[in-house]
Each structure stands twice: as C-alpha cells, then as structure tokens.
Protein chains: 2
Amino acid sequence: MFSKACEYGIRATIYIAMQSLQGNRVNLKEISKEIDSPVAFTAKILQQLAKNDIINSVKGPTGGFEINKKDIDSIKLIHIVSAIDSDKIFNGCGLGLKECNEDFPCPVHFQFKEIRDNLKKMSSETSIYELATGLEVGLTFLKR
Amino acid sequence: MFSKACEYGIRATIYIAMQSLQGNRVNLKEISKEIDSPVAFTAKILQQLAKNDIINSVKGPTGGFEINKKDIDSIKLIHIVSAIDSDKIFNGCGLGLKECNEDFPCPVHFQFKEIRDNLKKMSSETSIYELATGLEVGLTFLKR
DNA sequence: GTTTATTAGGATAAATTTGTCTTATTTAAA
DNA sequence: TTTAAATAAGACAAATTTATCCTAATAAAC
Ligand code: SF4
Ligand code: SF4
C-alpha cells in the first residue's frame, strides 16, 4: 500500500511524537533502533519530514528530533503519506490511467472510488496524537 | 496501490474478457495497443496470467489470448491481484511489520483493518464480467 | 513440407526504490 | 576555544521493478 520509506516515516513520526509527549527529544540512532529500520535510510526520511515541517530537527550534541506538543494532534496520517509518497494513492486511478476523469471512468472506478475515499477520510482524520498515545499505553507496538 | 504490472494485468484481463464475450480471441499487439501498455512487458504479464489459469493462451497463427465465456464471471479482481502482486495488500500490515499479530497490533491497525478488509471484500466480489460489460457498453474506458 | 504468425522463455537493460558511506555543518559541553 | 555529538547533504551501491530484445517452440495456412 505505502512505500517502505513511507512506512518508516510513519513509524518514526509516531515514535518521535510519543517521546515528545513525554518531553524527550530523540536521536536518529534511538529512533531507528526503536522502529527497527535501516539507520542511514531513516536519516534521509527524517530529513524529508523535517523539510515538510512535520518534525523538528536539532543539530549538535543533545540534538535530535522532536515535535511541538501543541502540533502533535494536528499532524494527520495524510500529511506524512503525502510528503513521502505523494497524494497519488488518495487521488490517483486504481488502474493507473493518467488523465483521471469521472465522466470517462476506468472499469474499476465505481468500486475503487469508495475504497480510496475511505482511505483518504481515515488518513485525514487519524492524528499522530492518537497513534502515539496507543503506543504510550502499550496498546500498540512498532516492532515485530 | 497496485504495481504497474498488476494495473496492466487487470486492464488486459478486462479487455480480453470483453472480446471473449463477443467470441473474439485477441493477440498481444492488439491488447497492448488497446490498453496502452508496453508490448514486451505486457507479454510477460500475460504469461503469468496464463500460468495462473486466469486466461488461456493459444500459440501459432490465429493464436492469441481468450477466456472461456463460462469462466468470466468467476474470475474476480482478487485473483489477478494475488497472482501478480501477491496477497500482501489484503493480508499484510499497514506499517510493514513482519510478524502480524492482532494481539500485538501496530498503531494503525484499528484504522487500517477496516480499509484493508473493505478492499479485500470489494476485490473478492468484483468480477471481471461486470468490469468487461461496463467497457462493452461504453460506460467505462481503458485508456487516457 | 515450408512458411508465417503467434506465444514462451531467457538474457539483458533502464529506471526507480532502498540502502550505505563519507564529508560538511551545527552546536552543546568540556 | 577546542572537542565531540548530532543532523544535512551528496555520492555511491544494491535490490527491485519496469521494460526490451532475441531466440525457441508451436501451430495454422499455404
Ligand atoms: S475513473 Fe475513477 S479510478 Fe479511474 S482514473 Fe478516474 S477517478 Fe481514478
Ligand atoms: S497489527 Fe494490524 S495492521 Fe499491523 S501488522 Fe498486524 S494486522 Fe497488520
């Protein structure tokens, strides 16, 4: 469904958010250990997330990544997916047709539109806050 | 959502089905022209579909691809997707965790499960027959 | 039987995604 | 002010996906 980069990006953001809720800034090494992802590749993804103002990066000793507590609830899944994978999955065609036009629909249009719209709705409504708190209370997990 | 190979595979199968409903066997060149796909790559995908008994291939002059009329309604979208992309999208994790266990869910589990199950249900219920007839009556299109 | 039109299969190539490595930059701490 | 710990950036490498090309196999038509 999502690219590897996007999966790592979502997992990383959730972990950073959970730590930020507890007042902790976390560094690359810790993040990739906790989300079980390749270190250097994760660095690239975190850079992308920082450029898209989804997370903050701080250089130097004691540096790392964090999210302002007040922003955590306004970051939605769709922001991360759009930043890393583009919004193709939310707006593109199920059969990959280039020019998408509902007046000249592809054969799967009527079936796919519903799935795609639900995915978009879910991604727009699901906040990193709710995903991070599930992790914080031990209801959900980022590894295995 | 699906790989390019899978998109071409679905489009090709729908086209072959539509022609088969009209009693026509179609060859590679015509298929890739009508679904606007790379010829040689499409050949590989058709091979895969034939091996998975989704379409029939016939060699030699007047050869080509076809589907038995009586089978067209029993071929569902999920058969094509599973044959080409595997069933990962229907059963795998939204965050790419390897060992999937609902008792130790990933943070997006509760949100994703619904989307994923709907996609699976839709793909299991949507037959190539219904997609092919939409194309046949000019309601839907395979190019653009 | 020969030719010709078709699919099958294998080798190769190009493009993209995934991942690594090295160096530069920043900045807190010593 | 120097050192050390962290991210940023760019070059590179590996793996996968997408795509092409060439030859073999098949079988209808001549
Ligand atoms: S017809 Fe529907 S599924 Fe196809 S391209 Fe347009 S919006 Fe997308
Ligand atoms: S927890 Fe849910 S979404 Fe995550 S791997 Fe298991 S089934 Fe998939």
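Labels below follow one simple rule: chain letters A, B, ... track the order of the sequence lines, proteins then strands, and each chain is numbered from 1. For the numbers below, each heavy atom of this structure counts, side chains included, while hydrogens, waters and symmetry mates do not. These figures come from a predicted structure and were not determined experimentally.
Of all nucleotides in DNA chain C having an atom under 4.0 Å from a heavy atom of chain B, the first and last in 5' to 3' order are C:dT4 to C:dA11.
By the criterion of side-chain heavy atoms lying less than 4.5 angstrom apart, applied directly or through intervening Ile, Leu, Val, Met, Phe, Trp or Tyr residues, A:Ile115 is grouped together with A:Val108 in one hydrophobic cluster. The hydrophobic cluster containing B:Leu97 does not contain A:Val81, counting ILVMFWY residues as joined when their side-chain heavy atoms lie under 4.5 angstrom apart, directly or transitively. In terms of hydrophobic clustering, with Ile, Leu, Val, Met, Phe, Trp and Tyr side chains grouped at heavy-atom distances under 4.5 Å, A:Ile80 and A:Leu21 are assigned to a common cluster. Both B:Phe90 and A:Met1 are part of a single hydrophobic cluster, where members link through side-chain heavy atoms under 4.5 Å apart.
Distance CD (B:Gln47) to P (D:dA24): 16 Å, rounded to an integer number of Å. Whole-Å rounding puts the A:Lys4 NZ to D:dT17 C1' distance at 16 Å. For the pair A:Gln48 CD and D:dA9 P, the interatomic distance rounds to 12 Å; values are reported in whole Å. For the pair A:Lys29 NZ and D:dA5 P, the interatomic distance rounds to 9 Å; values are reported in whole Å. Here D:dT7 presents its C1' atom at 11 Å from CD1 of A:Ile31, a figure rounded to the nearest Å.
The side chain of B:Pro61 has D:dA28 as its nearest neighbour among D:dA28, D:dT18, D:dT7.
Between A:Thr42 and B:Asn27, the residue whose closest nucleotide on DNA chain C is further toward the 5' end is B:Asn27. Projected onto DNA chain C by closest heavy-atom contact, B:Val26 and A:Pro38 fall at different nucleotides, the more 5' of which corresponds to B:Val26.
With a 4.5 Å cut-off on side-chain heavy atoms, A:Ile16 and A:Arg25 do not count as touching.
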Anything under 3.5 Å between a donor and an acceptor, one on a side chain of residues 40-54 of chain B, the other on a protein residue two or more places apart or in another chain? List them.
{"unit_1": "B:Thr42", "atom_1": "OG1", "unit_2": "B:Ser37", "atom_2": "OG", "d": "2.6"}
{"unit_1": "B:Thr42", "atom_1": "OG1", "unit_2": "B:Pro38", "atom_2": "O", "d": "2.6"}
{"unit_1": "B:Asn52", "atom_1": "ND2", "unit_2": "B:Gln48", "atom_2": "O", "d": "2.8"}

What pairs of donor and acceptor atoms, side-chain ones from residues 135-143 of chain A against any protein atom, are under 3.5 angstrom apart with sequence neighbours left out?
{"unit_1": "A:Glu136", "atom_1": "OE2", "unit_2": "A:Gln22", "atom_2": "NE2", "d": "3.2"}
{"unit_1": "A:Thr140", "atom_1": "OG1", "unit_2": "A:Leu135", "atom_2": "N", "d": "3.2"}
{"unit_1": "A:Lys143", "atom_1": "NZ", "unit_2": "A:Lys33", "atom_2": "O", "d": "3.3"}

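Terminal axes of the helix from C:dG1-D:dC30 to C:dA30-D:dT1 (five pairs each, C1' rotation axis) are separated by 10°, to the nearest 10°.
Side-chain N or O atoms of B:Asn68 include none that pairs as donor or acceptor with a backbone N or O of B:Lys70 at under 3.5 Å. Using modelled atom types, one side-chain atom of A:Ser20 and one backbone atom of A:Ile67 make a donor-acceptor pair closer than 3.5 Å.
Counting any heavy atom pair closer than 4.0 Å across all strands shown, B:Leu46 reaches no nucleic acid atom.
Not counting sequence neighbours, the partners of A:Ser127 by the side-chain contact (heavy atoms from CB on, under 4.5 Å) test are A:Asp73, A:Lys76, A:Tyr129, A:Glu130. Looking at residues two or more places apart in sequence or on another chain, you find a side-chain contact (heavy atoms from CB on, under 4.5 Å) between A:Glu30 and A:Tyr15, A:Gln19, A:Val26, A:Asn27, A:Glu34. With sequence neighbours left out, B:Lys88 forms a side chain to side chain donor-acceptor pair (under 3.5 Å) with no residue at all. A:Phe2 pairs by the ring pair (Phe, Tyr, Trp, His ring centres under 6.0 Å) definition with B:Phe112, not counting sequence neighbours. In terms of the salt bridge (charged side-chain N to carboxylate O under 4.0 Å, His left out) criterion, residue partners of B:Lys4 (sequence neighbours excluded) are, by chain and number, B:Glu7.
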Quick one: which protein N/O atoms are closer than 3.5 Å to N/O atoms of nucleotides 10-12 of chain D? Pair and distance per line, please.
{"unit_1": "D:dG10", "atom_1": "N7", "unit_2": "A:Lys44", "atom_2": "NZ", "d": "2.6"}
{"unit_1": "D:dG10", "atom_1": "O6", "unit_2": "A:Lys44", "atom_2": "NZ", "d": "2.8"}

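Judged by distance alone, the side chains of B:Ser82 and B:Asp87 never bring a donor and an acceptor atom under 3.5 Å apart.
Residue A:Asp117 forms a salt bridge (charged side-chain N to carboxylate O under 4.0 Å, His left out) with just one option from A:Lys120, A:Lys121, A:Lys113, and that option is A:Lys113.
Shown for residues 77-91 of chain B: no residue has heavy atoms falling under 4.0 angstrom of DNA chain C. Within residues 49-60 of chain A, the residues having any heavy atom under 4.0 Å from DNA chain D are, by residue number, A:Lys51, A:Ser57, A:Val58, A:Lys59, A:Gly60.
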